[in-house]
Amino acid sequence: MKHSSIAGVLLVVVLTVSAGTAAAAVSGSPDLDVTLSEDTVSPGEETTLDVVLSNSGDLDSASSANPSLNSEVTTARSLSVDVEGGNAPITVMTNRRHTGDLATGSPRTVSFDISVADDAEPGTYRVPVNVEYDYYNLISESGGARSKSSVSRTRYVTVRVSDDATFETVDIDSSVRVGSTDRVGLTIQNTGETAATDAAVTLTSQNSELTVGGSEQSSRFVETWEPGENRTFEYRVGASSDAKAEPYNFGLSVAFDDTDGVREESTDTTFGIAPQPEQEFSLSNVSGTLRAGDDRTLETELTNDGPRAVENAVVVWGSDHRNLSPQETEYAVGRLESGESTTVSFGVDTSESAREGPRQFDFSVNYNDGTSERQTSDTLSVQSDVAASEDAFDLAVTNKTIPVGNSRTVSVEVTNNLDETVTDIEARLFTDDPLSTVGTDSSYIESLAPGESATLAFDVSAGSAATEGSSYPMSFDFRYSDSDGDTHLSDTFRKPVDAVSQSGGGPPIGIILGLGVVIVGGVAVFYWRRD
């Protein structure tokens, strides 16, 4: 300790020599004690030494009139602390720490990062702790004059290098993806000199975006763990969809029994685990318009937006529309490279009651991407229109006039309005009085491509009860097969024919028969008279 300054000595002389009485002065000094909150370290360990500083203070002459001066002479001011390795097998990696003032009664902890040598011999070592501070050693009670001193001292603390089991993480193998749950494998070595028994290895997440075993932490058990032995532990780690592809802190601790059966828990080790980016897909280029009352195909293009190739990919239909039903709910894609696209299609049955307008269709992708579990993408949505129902065929009738009491051949041109080829088309004609069919009421077309037409012929008669100038309906329906081999029955088509006078369509059958009778009779009379 440095001696008081000359000004302080003169102050003492002034205070002690006066008019036969001693003037009042406050004197004292700090009294610092240095300890460690935890004095045990292990070979190869990187940890902290927590130095605890406490000040009990020595008060030589107190003031009753101004007690606040008492604490001034016992306070260590501008305190700084430095730890050296000494003869201990440690390296101190923190420079001198400045801690400000330290009054009595308020301990302060100052932490220093250290590294323990891998080959450190077990035992106890003295570690020097250097403290420097100023203080007021003498204060005039009446005038407030102060004498200041400076102190530089070395205290010693004892550090014990343990021969207990110690642990180090030597490998981290993570398959965790953003938005999924998967495995994290930790390989840990007992770097200590002795075995650990009944060890509990606990992994703890230090953030809310990642979980361990569905909660904050999860533990694994080892009955006996020999020195130098590696153990691999697997944990289920989940990363929320809000997580980022960047490291998140995890803590690892090992609780165990030493060779004496005492339970000395290892210091937490902190490390980072970075989830890999979330696998993403997109849908685009929707084609195919659905139509009420029709079975059609909805197609869209699936793109693997990366960052990885996927295997066994399956697109799953996720929509629930009352009047639209998928013929299959899954479309198998297989392998899809990152950046690759492919077309997927779903047959959709649309009921007659479906209303015209746009619809949204939701899908998801199930896939494997090298992790231990099958993954499912976020929902992918596309939009497509539902068109109003349309007749399967278009009919055009020629020769639409029929003389009353006569018959004629009616021609019907049938056009395929569908966007697929139809086959085995059976057409039937239905009539009511006064119309009737003459001969067969059905006809057949082998096939019609989209937009293709064929002409059918039916013989139709208008009875004598028909009224000239009136129109009467003919009804048609068609049974046919689509491109998938499914059989359908069309709606009923109604087409009019007009009843006209006999002159409008040639002599009626009655007149023809009458004329025949007259002619035959005339011929007979001719030959009778001749004879």
Side-chain angles (χ1 to χ4, degrees), residues 33-53 80-97 99 107-131 154-172 186-204 206 222 224-233 247 249-272:
D33 187 36
V34 180
T35 59
L36 295 176
S37 61
E38 173 58 55
D39 63 357
T40 302
V41 296
S42 302
E45 183 180 26
E46 290 188 358
T47 185
T48 60
L49 281 183
D50 294 328
V51 178
V52 181
L53 303 170
S80 65
V81 187
D82 183 37
V83 176
E84 298 178 358
N87 66 343
I90 65 173
T91 301
V92 181
M93 295 176 287
T94 304
N95 296 327
R96 175 178 289 274
R97 302 285 302 273
T99 67
R108 181 172 301 159
T109 300
V110 185
S111 297
F112 291 84
D113 294 329
I114 66 167
S115 174
V116 185
D118 292 336
D119 57 355
E121 290 292 331
T124 57
Y125 299 87
R126 296 183 75 210
V127 174
V129 180
N130 304 315
V131 295
T154 299
R155 304 289 191 186
Y156 289 88
V157 294
T158 299
V159 173
R160 185 174 77 90
V161 177
S162 171
D163 60 354
D164 291 338
T166 56
F167 304 94
E168 179 181 349
T169 303
V170 296
D171 186 57
I172 301 174
L186 301 178
T187 301
I188 304 170
Q189 185 180 73
N190 179 357
T191 56
E193 300 294 327
T194 59
T197 58
D198 296 337
V201 184
T202 302
L203 180 65
T204 303
Q206 299 177 349
V222 180
T224 303
W225 200 341
E226 298 294 339
E229 182 182 7
N230 286 349
R231 292 273 189 159
T232 299
F233 306 92
N249 280 345
F250 285 79
L252 184 73
S253 62
V254 183
F256 62 96
D257 292 342
D258 64 12
T259 54
D260 297 325
V262 178
R263 192 125 184 113
E264 288 162 295
E265 186 169 340
S266 70
T267 305
D268 281 353
T269 300
T270 300
F271 53 86

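These numbers come from a predicted model, not from an experiment.
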Distance-only polar pair, side chains of T232 and T187, donor-acceptor under 3.5 Å: yes

If I compare all heavy atoms of S162 with all of D164, which pair ends up nearest, and what's the gap? OG-N, 2.8 Å

Close side-chain approach of V159 and D39, heavy atoms under 4.5 Å: no

Is the shortest heavy-atom distance from the side chain of L203 to the side chain of L186 under 4.5 Å? yes

Distance col, row T269:OG1 vs L252:CG, nearest 0.5 angstrom, shows 6.0 Å

What heavy-atom pair brings P247 and G272 nearest, and what distance separates the two atoms? CB-CA, 4.5 Å

Does the plane of the ring in F256 sit parallel, tilted or perpendicular to the ring in F167? Use 30° and 60° as the thresholds. perpendicular

Reported CD1-to-OG1 distance for the pair I114 and T48, which is rounded to 0.5 angstrom: 7.5 Å

Check for a donor-acceptor pair, side chain of E38 on one end and backbone N or O of T40 on the other, with a separation under 3.5 Å. yes

Close side-chain approach of T35 to V157, heavy-atom, < 4.5 Å: no

Using the rule given for side-chain contact (heavy atoms from CB on, under 4.5 Å), can you reason through L36 versus V51, listing the C-alpha separation, both sets of side-chain angles and the distance that settles it, and then say yes or no? CA-CA 5 Å; L36 295 176; V51 178; 3.9 Å; yes

Separation between OH (Y125) and CG (N87), nearest 0.5 Å, reads 7.5 Å

Separation between CG (N190) and CZ (R231), nearest 0.5 Å, reads 10.0 Å

Could you check if a side-chain atom of L49 sits within less than 4.5 angstrom of a side-chain atom of I90, using non-hydrogen atoms only? yes

State, with a plain yes or no, whether a side-chain heavy atom of P43 is found less than 4.5 Å away from one of V161. yes

Is there a side-chain contact (heavy atoms from CB on, under 4.5 Å) between W225 and V201? Walk through the geometry before answering. CA-CA 11 Å; W225 200 341; V201 184; 3.7 Å; yes

Any side-chain heavy atom of R263 sitting closer than 4.5 Å to one from D198? yes

State, with a plain yes or no, whether a side-chain heavy atom of Q206 is found less than 4.5 Å away from one of T270. yes

Are the side chain of S115 and the backbone N or O of T91 linked by a donor-acceptor pair below 3.5 Å? no

What heavy-atom pair brings V127 and G85 nearest, and what distance separates the two atoms? CG2-O, 4.3 Å

Please report the interatomic distance CD1(I172) to CZ(F271), rounded to the nearest 0.5 Å. 4.5 Å

Any side-chain heavy atom of V34 within less than 4.5 Å of one from L53? yes

To the nearest 0.5 Å, what is the distance between OG1 (T166) and CD (Q189)? 8.5 Å

Test item: R97 side-chain N/O and V110 main-chain N/O as donor-acceptor pair under 3.5 Å: no

Closest non-hydrogen contact found for E84 with N130 is OE2-ND2, 3.0 Å

